[in-house]
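All remarks here apply to the structure that follows.
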Amino acid sequence: MTGKTFTILGIETSCDETAAAVVRGFPPGPGQILSNVVFSQTEAHAPYGGVVPEIASRAHLEIVDGVIEQALADACVTLGELDGIAATAGPGLIGGVMVGLTTAKGLALACAKPLVAVNHLMGHALTARLTHGVAFPFLLLLVSGGHCQLLGVGGIDDFRLYGSTIDDAVGEAFDKAAKILGLPYPGGPALEAAARGGNPRAIDLPRPLVTGHNARPGADFSFSGLKTALRLQAQQQRLDVADASASFQAAVIDILTDRTRAAMAMFRADFPDVDMPVLVVAGGVAANQAIGAALNGLAAREGFAVRIPPPRLCTDNAAMIAWAGLEMLAQGEGESALRISPRARWPLAGKAPVGI
Ligand code: KG4
Ligand code: ZN
């Protein structure tokens, strides 16, 4: 280790947050967040009950320059003082990704800095190194609006997939359940709040793949049957929103803890020399306190430590993109800005082809 720190500007535009941040540090972290500007487009999408891609890209285009300016000003850092620029290059809504990545290319070329194309999922995955300096390897539960995966992370180029959803992502399931219950958008936080006053055993809901007719061992997830069961119940009777929210959240918790327990065994088999294994929970759903508490309980029973970044770093932000870019740059992975293209699909485990 050289002891040199890197100062990186990160830009994130892959969904409905326009974000820029400046982060300083060196792997394995923790790093210093000098600024973290997140402009959420929630209000623009709220009337539609979900993110509208065309509205998202236009909104990114309108404000991305100002958000970057604000991040540099908050950090008291000039473009010339940066060691590099990191932008989300995918996966995500391609129009939004193009806005952030093209802006980053322009900046990188204008100030002759290396540009790092960051996988949004890697941003979520490495956040616990930014916040807690978690060493490789660790077990990762990545739970967001678009993804639900369990991975062994041996390094920035070593992601081993233990399980993933076979249908909906868990955040998507929260959002759809919230819509069924008439809760406001975005649904995850609203459903968690509603669940606080409810009885988690009030409504009988399935745990797909974990129990019942399609039960199977392993670390894969399924949420679409759970959502459908809730919809059917809501059509048959007038549901108490608090009870229904609590029952839905309890089912999600049972699914997540069961699958994570299976992945813990896979992680131990993959990395038998790790004395004190760590479970990192990342992505927007990691902001859910009830899920966090359940995973803490599971980890205590299974001999794992748990690291969950604070909520504002669990949901989409650019500090995580800056940090992932920093880790890649520290490993010599800065690229020529002109050769990078956006990718709508870009799985973490296994190299994906370049291109849309
Ligand atoms: O990581 P993220 O900000 O964006 C994606 O990359 O998808 O995750 C957003 C998702 C949304 O589905 C949102 O409803 C969910 O995370 N979410 C939550 C909570 N906060 C955000 N789900 C459950 N409980 C929460 N407190
Ligand atoms: Zn995300």
Side-chain angles (χ1 to χ4, degrees), residues 10-19 21 36 38-42 45-46 49-51 53 56 60 87-94 96-97 100 118-128 140-149 164-165 168-181 183-196 198 221 223 226-227 245-246 248-253 255-256 280-295 308-324 344-348:
I11 300 171
E12 157 61 37
T13 55
S14 68
C15 193
D16 60 343
E17 262 90 28
T18 315
N36 188 18
V38 181
F39 183 88
S40 177
Q41 305 172 4
T42 306
H45 300 286
V51 180
H60 287 307
T88 302
L93 301 174
I94 198 70
V97 174
V118 172
N119 182 317
H120 178 88
L121 304 175
M122 190 181 313
H124 281 303
L126 301 182
T127 305
L140 171 68
L141 172 63
L142 178 56
V143 277
S144 72
H147 300 272
C148 188
Q149 300 180 346
S164 62
T165 181
D168 294 348
V170 60
E172 187 183 355
F174 265 99
D175 293 336
K176 287 177 176 170
K179 209 168 177 176
I180 292 168
L181 297 175
L183 291 165
Y185 170 85
L191 195 145
E192 181 184 14
R196 275 192 204 109
F221 303 87
F223 294 101
L226 171 60
K227 168 203 65 193
S245 299
F248 175 85
Q249 189 168 270
V252 170
I253 286 173
I255 296 168
L256 291 180
V280 168
V281 192
V285 181
N288 184 297
Q289 305 290 308
I291 291 175
L295 290 169
I308 307 179
R312 72 189 172 87
L313 295 175
C314 286
T315 48
D316 286 350
N317 65 88
M320 69 178 193
I321 302 304
W323 177 262
R345 295 173 57 79
W346 188 0
L348 259 186

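Start at 1 and go down the list; that is how both ligands and their atoms are numbered. Computed from a predicted model, the values in this text were never measured in an experiment. The analysis underlying the following values was restricted to heavy atoms, covering all of them including side chains, and did not include hydrogens, waters or symmetry mates.
With rounding to the nearest 0.5 angstrom, the CG atom of Leu181 is 8.5 Å from the CZ atom of Phe248. Remark: Leu256 CG to Leu295 CG distance equals 6.5 Å, nearest 0.5 Å. Remark: Thr315 OG1 to His124 NE2 distance equals 8.0 Å, nearest 0.5 Å. Taking NE2 of His60 as the start and OG1 of Thr18 as the end, the distance is 4.5 Å to the nearest 0.5 Å. For the atom pair CD1 (Ile308) and CD (Gln289), the distance works out to 8.0 Å, reported to the nearest 0.5 Å.
Between Thr88 and Thr13 the shortest side-chain heavy-atom distance does not fall below 4.5 Å. With contacts defined as side-chain heavy-atom distances shorter than 4.5 Å, the pair Leu121/His147 qualifies. A 4.5 Å side-chain heavy-atom check between Leu313 and Asn36 finds at least one atom pair inside the cut-off. Asn288 has its side chain out of reach of Val143: every pair of non-hydrogen atoms, C-beta onward, lies at least 4.5 Å apart.
In this structure, atom 26 (N) of ligand 1 lies nearest to the protein heavy atom Glu192 OE1, 2.8 Å. The shortest contact between atom 24 (N) of ligand 1 and any protein heavy atom is with Asn288 ND2, 3.0 Å. Shortest contact from atom 14 (O) of ligand 1 to any protein heavy atom: Asp175 OD1, 2.6 Å.
Here's the thing with Phe174: none of its N/O atoms is less than 3.5 angstrom from an N/O atom of ligand 1. Between Gly145 and ligand 1, at least one N/O pair is under 3.5 Å apart.
Taking the centre of each ring, Phe174 and Phe223 stay at or above the 6.0 Å mark.
Considering each of Pro189, Gly284, Gly188, the one bringing a non-hydrogen atom nearest atom 8 (O) of ligand 1 is Gly284. When Asn317, Asp316, Val51, Val285 are ranked by how near their heavy atoms come to atom 3 (O) of ligand 1, first place goes to Asp316.
Residue Gly146 approaches ligand 1 through these ligand atoms, each under 4.0 Å from one of its heavy atoms: 7 (O). Annotation for ligand 1: atoms under 4.0 Å from non-hydrogen atoms of His124 are 1 (O), 6 (O). Within ligand 1, counting atoms from 1 as listed, the ones closer than 4.0 Å to a heavy atom of Gly171 are 12 (O). Listed by atom number, the atoms of ligand 1 under 4.0 Å from Thr315 heavy atoms are 3 (O).
Restricting His124 to its N, O or S atoms, the one at the least distance from the Zn ion (ligand 2) is NE2. The atom of His120 that is an N, O or S and sits closest to the Zn ion (ligand 2) is NE2. The Zn ion (ligand 2) lies closest to atom OD1 when only the N/O/S atoms of Asp316 are considered.
Using a 4.0 Å cutoff on heavy atoms, His120 counts as a contact of ligand 1. Residue Glu17 places every heavy atom at 4.0 Å or more from ligand 1.
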